[in-house]
Amino acid sequence: MEKDDAVKENEKTNFIYQEIDKDLLDNKNKGVVLTRFPPEPNGYLHIGHAKSICLNFGIAQHYNAGCNLRFDDTNPIKEDEEYVDSIQEDVKWLGFKWVGEPKYASDYFDQLYLWAVKLIKNGKAYIDDQSADEIAKQKGTPTVPGVESQFRNRSVEVNLDLFERMKNGEFKEGEKVLRAKIDMASPNMHMRDPIMYRIIHKPHHRSGNKWCIYPMYDYAHGQSDFIEGITHSICTLEFEVHRPLYNWFLDQILEGDPIPDVRTRQIEFARLNLNYTVMSKRKLLELVQKGIVDGWNDPRMPTISGLRRRGYTPESIRMFAEKVGVAKRDNVIDVALLEFCIREDLNKKAMRVNAVLDPVKLVITNYPDDMAEWMETPNNPEDETMGTRKIPFSKELFIERDDFMEDPPKKYFRLGPDREVRLKSAYIIKCTNYIKDADGRIKEIHATYDAETRSGMPQSQRKVKGTLHWVSAKHCFEADVQLYDRLFMDPEPDGHKDIDFKEFLNPQSLTVISGCKLEPFLKDAKPLDHFQFQRIGYFTVDSKSDGKKLIFNKTVGLKDSWSKNSQKE
RNA sequence: UGUCCCGUUGUGUAAUGGCAGCACAGGUGGUUUUGGUCCAUCUAGUCGAGGUUCGAAUCCUUGCGGGACAACCA
């Protein structure tokens, strides 16, 4: 049976949508759907987060529901305001709008404290005086059950008093913790009396000096979901083993209360992995701190801000998130898919311009010395509404050095001695001579043009093998171009047990070339403007580019079946 | 030698007991004033073994393989 295209477009088939549909069918949560994106503000967002953002906000859009932005800020040692700002900027840039103001787990510290007292009163939590080492030792291993703490059976009164004094700052860091009393023999390590609160004498980016005890992730996350009325708490697979604890804490805080309308539920999916890069915030931070890259937004980084500076568009990243899908099995996505997505988007949007990256002079010997003609050329053959513009042509031009060969092979369609080639939007020319310098390097190419072959004239219809891009020497201007290659040479740089991921850094990941010749139109280009440099690739003005000197970042090359084939030989 | 999760073309993802499909990557041909785009076309897959069933990628058993879990991180 044929399905309507619009329906097909809107059809979401991943298992999370199926779970939500089921919940809705069962009339769970009174028919409400509310998701959340819960980053810890301890680093910049990367493409893996983009997958999660598109999933959570995409669900909200699909069900005509909402999605919260909540900062999971329970550890003042690692977190910072800078990250809070960058995360908001990146989510907005991707095109999503969260419900109301951003939320913070730290907004709920009072309520979390009250619930902790409730657990103590119900005999479900206790203060442990042991050191981190001792607690770790008692915890056992995945195959060996843990041992109960000697402080496990303190009275409610003592626990209450000690917890109060912990809160009041009477103890040093590490001296005491609040632990849930569950089961030290549980096959699930997370159920072996997990720590709920620890002492940290450090001001928090939001709550300042109000607290010196901070809740752990497991004790804070589910309760924050519950407070906000989140219906589906979607996270990555490594939290799967936390789910029983997530539910246990909710059961405890709800103990004795009426059944709430909304009972949040955790669903896990497989995180995104991209080949030839690393995705852990810790490793990305290391690249930043060691100065291996130019900050979190270095165009080689898989961060949202890096991709933005590289020239990726929000649409391309959303398309990518759609194409990688959502499932539970481990995956490694080929960066070629990301590259496909940005080409796809920029092909439709980017203005075609002429830029010669590695220039060599081409002299049209039979063209008048002081003449200049302004040739009309389409701004984008994919989109007529983008119009046309005029580009200057004159006697002396620059073309790409590798568009000429002294002794070309048969399949080479470009310029060579006595060969004919078309100059895009201008004339058909024929190479008559070439001059080399003392080192044998091509210095200048001479050609004649056929005045009857100007673009648009009947003679211009003549078939010629190749078409070259070019700029007029006296009209063009110079700019720098930054060429990027993958940051790592190994498909899985952090997939080797005994080798540090930095061993695989690609020394050629950045090439800066100056003296590139650009057509005059480009003088007005602004930071983050996207262009297609004809026959080369997509380029974007660097965000650090200023009025004095333009810097272009290579976003991605055009598909190139010529170099692919010629490399095979 | 624990618990949990996962195995579908090279990669990713559909099919939820009824024709194994889609996308990327790769190959070939065509169109083209970008060796781009576009169009056509090809290559290639259900981890193994049993079982249930008229019928299994799908359900069951079992084997094998991969992953997660032992921070006072999230």
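Each chain gets a letter, A, B and so on, in the order its sequence line appears, and its residues count up from 1.
- Counting non-hydrogen atoms under 4.0 angstrom, A:Asn188 reaches nothing in the nucleic acid.
- Of all nucleotides listed (B:G35, B:U34, B:U33), B:G35 comes nearest to the side chain of A:Tyr412.
- Using N1 to N3 plus N6-O4 or O6-N4 for Watson-Crick, or N1-O2 and O6-N3 for G-U wobble, each under 3.5 Å, B:U62 pairs with B:G48.
- Neither side chain, A:Asn380 nor A:Glu382, offers a donor N or O lying under 3.5 Å from an acceptor on the other.
- Applying the Watson-Crick and G-U wobble criteria (two distances, each under 3.5 Å), B:A74 pairs with nothing in any strand.
- When heavy atoms are screened at a 4.0 angstrom cut-off, A:Glu339 is found touching no nucleic acid atom at all.
- Within the 4.5 Å cutoff, side-chain heavy atoms of A:Cys431 are placed close to those of A:Phe404.
- At a non-hydrogen distance threshold of 4.0 Å, A:Met189, A:His190, A:Ile195, A:Arg198 from residues 189-201 of chain A come into contact with RNA chain B.
- Rounded to whole Å, the C1' atom of B:G18 lies 15 Å from the corresponding atom of B:C59.
- A:Val177 comes within 4.0 angstrom of a base, heavy atoms only.
- Atom CG in A:Leu338 sits roughly 15 Å away from atom P in B:G12 (whole-Å rounding).
- Within the 4.0 angstrom heavy-atom criterion, only backbone atoms of the sugar-phosphate kind lie near A:Glu240; the bases stay farther away.
- Looking at A:Leu518 and A:Phe552, their side chains come closer than 4.5 Å, going by heavy atoms from C-beta outward.
- Between B:C4 and B:A70, the two C1' atoms lie 15 Å apart (nearest whole Å).
- To the nearest angstrom, C1' of B:A70 lies 13 Å from CE of A:Met216.
- Residue A:Lys424 contributes atom NZ, which lies 6 Å from atom C1' of B:U34 at whole-angstrom precision.
- Base pairing of B:U53: no nucleotide in any strand meets the Watson-Crick or G-U wobble criterion (both distances under 3.5 Å).
- For the 3.5 Å distance criterion, the side chains of A:Tyr427 and A:Glu452 fail to qualify, holding no donor opposite an acceptor.
- One can find a donor-acceptor pair under 3.5 Å joining the base of B:U33 and the side-chain atoms of A:Ser455.
- Residues meeting the ring pair (Phe, Tyr, Trp, His ring centres under 6.0 Å) test with A:His190, sequence neighbours left out: A:His242.
- Protein atom CD of A:Glu322 is 13 Å distant from nucleotide atom C1' of B:G12, rounded to whole Å.
- A:Arg343 comes within 4.0 angstrom of nothing in the nucleic acid, heavy atoms only.
- If you check every strand for non-hydrogen atoms under 4.0 Å, A:Ala132 touches a base.
- The residue A:Ser460 sits close to a base: some heavy atom pair falls under 4.0 Å.
- For A:Arg414, taking side-chain heavy atoms from C-beta onward, the closest of the listed nucleotides B:G35, B:A14, B:G2 is B:G35.
- Taking only side-chain nitrogens and oxygens, A:Gln18 comes nearer than 4.0 Å to OP1 or OP2 of B:A15.
- Residue-level contact check: A:Tyr214 touches neither bases nor backbone, having no heavy atom under 4.0 Å from any strand.
- No engagement by A:Pro244 is indicated, since no non-hydrogen atom pair under 4.0 Å with the nucleic acid exists.
- A:Glu382 comes within 4.0 angstrom of a base, heavy atoms only.
- Residue A:Thr74 is classed as a sugar-phosphate contact, given heavy-atom separations below 4.0 Å to backbone atoms only.
- Ring-to-base geometry places A:Trp562 in a stacked arrangement with B:G35 (centre distance under 5.5 Å, plane angle under 30°).
- Among the protein residues, A:Gly557 comes within range of no part of the nucleic acid, since none of its heavy atoms lies under 4.0 Å from any strand.
- Between the base of B:U8 and the side chain of A:Arg329 there is a donor-acceptor pair shorter than 3.5 Å.
- Counting any heavy atom pair closer than 4.0 Å across all strands shown, A:Lys411 reaches a base atom.
- Ranking B:C73, B:A14, B:G66 by closeness to the A:Asn75 side chain, first place goes to B:C73.
- Between A:Lys463 and B:U33, a side-chain N or O to OP1/OP2 separation shorter than 4.0 Å is present.
- A donor and an acceptor atom never sit less than 3.5 Å apart when one is taken from the side chain of A:Gln461 and the other from the base of B:U33.
- Distance from the side chain of A:Leu337 is smallest to B:C24 among B:C24, B:U33, B:G2.
- Summarising the geometry, the separation between CG on A:Asn331 and C1' on B:C5 is reported as 14 Å, rounded to the nearest angstrom.
- Using modelled atom types, one finds a donor on one side chain and an acceptor on the other under 3.5 Å when comparing A:Asn42 with A:Lys281.
- In summary, the side chains of A:Thr264 and A:Tyr246 do present a donor paired with an acceptor at a separation below 3.5 Å, with no hydrogens or angles considered.
- For A:Lys328 and B:G7, the NZ to P distance is 9 Å, given to the nearest whole Å.
- Across all strands shown, the partner of B:C69 is B:G2, judged by Watson-Crick or G-U wobble contacts whose two distances both fall under 3.5 Å.
- A:Ser561 has a side-chain polar atom (N or O) that falls below the 4.0 Å cut-off from OP1 or OP2 of B:G36.
- Using a 4.0 Å heavy-atom cutoff across all strands shown, A:Val464 reaches no nucleic acid atom at all.
- Using a cutoff of 4.0 Å between basic side-chain nitrogens and carboxylate oxygens, A:Arg462 and A:Asp450 are scored as salt-bridged.
- Closest to the side chain of A:Pro142, from the set B:U34, B:C69, B:A74, is B:C69.
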